[in-house]
Asker: 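Let me begin by handing over the structure; questions about it come next.
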Amino acid sequence: MTIDIVELLKEPRMINVCAPMVRYSKLPFRMLVRQYECDICFTPMIVANSFVKSAKARDSEFSTIDKDTPLIAQFAANNVADFTNAAEIVAPYCDGVDLNSGCPQRWAINEGYGVDMLKRPELVKDIVSQVRNRVSNPFTVSVKIRILKDIRRTVNFCQTLEKAGASFLTVHARTPEMRYEPIHLDDLKIVRDSVQLPLIANGDVKNLESAQKLYEDSNCEGIMSARGILANPALFSGYRTTPLSCIQDWIDITARIDTHFLCFHHHLVFMTEKMLSKKNRVHLNMLKTRESVLEFLENHFDITPSPSYDTIEQIFCDIDESNIKYDNEKHVKNRQDMECNNVYVERDQSEIPNYLLGDLFLEA
């Protein structure tokens, strides 16, 4: 049963949100943060075009379990058909969909995704309204944006989406050109005062105190963390650094559910960064197997795997592809080309050298 996220955002308290993070906000990590007072989770950004046309892409990019809720699937799309088809496919398995209009990465901009969509408010409006017409409430349709240098354009953009039927918006209070500079709080407040629908604020949430301050200063209903919760999945529970119980929970979760070693390993590197000396961080960084990582954790933190549990079966999208609606023959041809050429190939994370680990983080 779909959870009403809009009603959740109306509760008189700060709603804690885990950001969409490429490679990282996948099912095992969502299971972890939900144990530490995270109210809403986003999937990583998924390219809608591949998701719609490739069963391999769907199985690789999206999985869930019954307790993985409230869940919002975030998609990158540059046309109405791809996003609405993706929304209809994923609707039985989550509580809402989100259009990424905030990713500043060059590859996304070159494909017409992410912040490039901020230049096309009419297209974004059409995407929102079409999903609203095709998938009924309480399933949500939302948009994650960055602010523009001309705040009037941002206000107009948000007001347009509100009229189109957007359920809520997430506002990353940085411009597309900014990376880790302080957020533009004043501009965020202007946006908050310009629309009536719920807002989730994003940017500079490194611990519970900064989350609460942003909540109070911005008057937004929800607060989203990305880098902060990646480093400390227990952030919303008030821990200043990752507690050992959280590391224990991560080991146990990844023992019960199929988890790529690089995912298992990278999360531990982020979680333990502030707990280890530079020498030990480098040592952990260079480990190549789950067994060697578990040995490291036992030696440094006296943490060992809990007694074995039953494995957790993931839920994947099971669809009848003949029901997918395409706007024109071009979409059908693209799909055929993709099948013939096996275009969708999941990136082999083992090809990424460990010394680049700090560059892997990408907030969608």
Side-chain angles (χ1 to χ4, degrees), residues 2-45 62-74 93-98 140 142 144 167-168 170-172 198-215 218 220-254 256-257 259 263-264 266-268 270-271 312 314 361 363-364:
T2 300
I3 290 179
D4 193 331
I5 293 176
V6 172
E7 287 302 310
L8 176 60
L9 287 168
K10 291 179 181 178
E11 292 185 10
R13 64 179 180 90
M14 181 176 75
I15 303 302
N16 306 326
V17 186
C18 177
M21 292 178 283
V22 171
R23 297 185 184 92
Y24 294 126
S25 55
K26 291 199 169 188
L27 175 59
F29 188 68
R30 300 195 302 266
M31 293 172 63
L32 179 65
V33 297
R34 291 187 193 281
Q35 296 183 26
Y36 292 90
E37 299 189 40
C38 185
D39 297 304
I40 300 171
C41 290
F42 281 65
T43 69
M45 181 183 73
F62 181 88
S63 66
T64 187
I65 58 174
D66 289 337
K67 294 182 179 180
D68 183 27
T69 185
L71 176 63
I72 297 170
Q74 188 188 71
Y93 307 98
C94 64
D95 304 288
V97 287
D98 184 79
T140 60
S142 58
K144 186 173 187 289
S167 307
F168 65 91
T170 300
V171 182
H172 186 162
L199 293 185
I200 296 174
N202 177 210
D204 278 350
V205 177
K206 300 174 183 177
N207 48 52
L208 183 59
E209 290 78 8
S210 60
Q212 291 172 330
K213 187 175 190 310
L214 182 58
Y215 174 67
S218 70
C220 292
E221 287 77 4
I223 298 298
M224 175 181 284
S225 180
R227 286 179 293 152
I229 203 169
L230 187 66
N232 177 12
L235 178 154
F236 287 122
S237 289
Y239 292 93
R240 300 291 299 186
T241 58
T242 305
L244 295 183
S245 63
C246 189
I247 298 174
Q248 180 74 63
D249 290 335
W250 178 244
I251 294 172
D252 295 342
I253 288 170
T254 55
R256 299 183 64 199
I257 192 165
T259 306
C263 176
F264 165 74
H266 289 174
H267 276 293
L268 285 169
F270 289 124
M271 289 183 212
I312 298 173
Q314 301 178 64
F361 174 77
E363 180 185 339

Asker: If every non-hydrogen atom of Cys18 is compared with every non-hydrogen atom of Phe29, which pair is closest and at what distance?
Answerer: SG-CE2, 4.0 Å
Asker: When rounded to the nearest 0.5 angstrom, what distance separates SG in Cys38 from CG in Leu32?
Answerer: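 Between atom SG of Cys38 and atom CG of Leu32 there are 10.0 Å.
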Asker: Could you tell me which non-hydrogen atom of Met21 sits nearest to which non-hydrogen atom of Ala226, and how far apart they are?
Answerer: SD-O, 3.5 Å
Asker: Rounded to the nearest 0.5 Å, what separates atom CD1 in Ile223 from atom CD1 in Ile200?
Answerer: 9.0 Å
Asker: So, applying side-chain contact (heavy atoms from CB on, under 4.5 Å) with Pro70, which one of Leu8, Val17, Asp4, Ile15 is it?
Answerer: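 For Pro70, the side-chain contact (heavy atoms from CB on, under 4.5 Å) check succeeds only for Leu8.
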Asker: Measure the acute angle between the ring planes of Trp250 and Phe264, then classify it against the limits of 30° and 60° as parallel, tilted or perpendicular.
Answerer: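 Rings of Trp250 and Phe264: parallel, as their planes differ by under 30°.
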Asker: Using 0.5 Å steps for rounding, measure from the OG1 atom of Thr254 to the CG atom of Asp249.
Answerer: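 The distance works out to 10.5 Å.
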Asker: Do Val33 and Cys41 come close enough that some side-chain heavy atom pair is under 4.5 Å?
Answerer: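 The answer is yes, as the side chains (C-beta and beyond) meet within the 4.5 Å cut-off.
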Asker: Apply side chain to side chain donor-acceptor pair (under 3.5 Å) to the pair Ser245 and Tyr36, showing each step before the final yes or no.
Answerer: CA-CA 10 Å; Ser245 63; Tyr36 292 90; 3.1 Å; yes
Asker: Backbone N or O of Ile72 within a donor-acceptor pair of the Asp95 side chain at under 3.5 Å?
Answerer: no
Asker: Closest heavy-atom contact between Val205 and Met224?
Answerer: CG2-O, 3.5 Å
Asker: Does Met14 form a side chain to side chain contact (heavy atoms under 4.5 Å, CB included) with Leu208? I'd like the steps, not just the answer.
Answerer: CA-CA 11 Å; Met14 181 176 75; Leu208 183 59; 3.9 Å; yes
Asker: With the side chain counted from C-beta on, respond yes when Gln74 and Thr170 share a heavy-atom pair under 4.5 Å apart, and no when they do not.
Answerer: no
Asker: Return yes if a side-chain donor-acceptor contact under 3.5 Å exists between Ser210 and Asp204, otherwise no.
Answerer: no
Asker: Please report the shortest heavy-atom distance between Met271 and Ile247, naming the atom on each side.
Answerer: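 Answer, listing the atom of Met271 first, then Ile247: SD-CG1, 4.4 Å.
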Asker: Does some side-chain heavy atom of Asp39 sit less than 4.5 Å from a side-chain heavy atom of Glu11?
Answerer: no
Asker: What is the distance from atom CG of Asp98 to atom OG1 of Thr140, rounded to the nearest 0.5 Å?
Answerer: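 Between atom CG of Asp98 and atom OG1 of Thr140 there are 8.0 Å.
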Asker: For the atom pair CZ (Arg30) and CD1 (Ile40), what is the distance rounded to the nearest 0.5 Å?
Answerer: 13.5 Å
Asker: Looking only at non-hydrogen atoms, find the nearest pair between Asp68 and Ser63 and report the distance.
Answerer: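 So the minimum-distance heavy-atom pair works out to OD2-O, 4.2 Å.
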Asker: Less than 4.5 Å apart, side chain to side chain, heavy atoms only: is that true for Lys26 and Ile257?
Answerer: no
Asker: May I ask you to decide if Lys206's main-chain N or O and Arg227's side chain share a donor-acceptor pair within less than 3.5 Å?
Answerer: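 No.
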Asker: Checking Thr242 side chain against Ala231 main chain: does a donor-acceptor pair fall under 3.5 Å?
Answerer: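 Checked: pair present.
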Asker: Can you confirm whether Asn232 sits close enough to Pro243 that some side-chain heavy atom of one is under 4.5 Å from a side-chain heavy atom of the other?
Answerer: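 SC-SC contact between Asn232 and Pro243 confirmed.
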Asker: Give a yes or no on whether the backbone of Thr64 and the side-chain of Gln314 come within a donor-acceptor separation of less than 3.5 Å.
Answerer: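 Not confirmed, Gln314 side chain does not pair with Thr64 backbone.
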Asker: Is a donor on one side and an acceptor on the other found under 3.5 Å between the side chain of Arg23 and the backbone of Pro44?
Answerer: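 Flag not set: sc Arg23 to bb Pro44 has no pair under 3.5 Å.
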Asker: To the nearest 0.5 angstrom, please state how far the SG atom of Cys94 sits from the CG atom of Leu71.
Answerer: 5.5 Å
Asker: How close do Ser218 and Ala201 get, heavy atom to heavy atom, and via which atoms?
Answerer: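 That closest heavy-atom pairing would be OG-CB, 4.2 Å.
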Asker: Could you check whether atom OH of Tyr239 has more than 12 heavy atoms from other residues, nucleotides or ligands sitting under 6.0 Å from it?
Answerer: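 Counting neighbours around OH of Tyr239, 12 or fewer heavy atoms of other residues, nucleotides or ligands fall under 6.0 Å, so no.
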Asker: Between Ser237 and Glu37, is any pair of side-chain heavy atoms under 4.5 Å apart?
Answerer: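 Heavy-atom side-chain distance check passes, below 4.5 Å.
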Asker: Under a 4.5 Å cut-off applied to non-hydrogen side-chain atoms, are Ile65 and Met31 in contact?
Answerer: yes
Asker: Looking at side-chain heavy atoms only, is the closest gap between His172 and Lys144 below 4.5 Å?
Answerer: yes
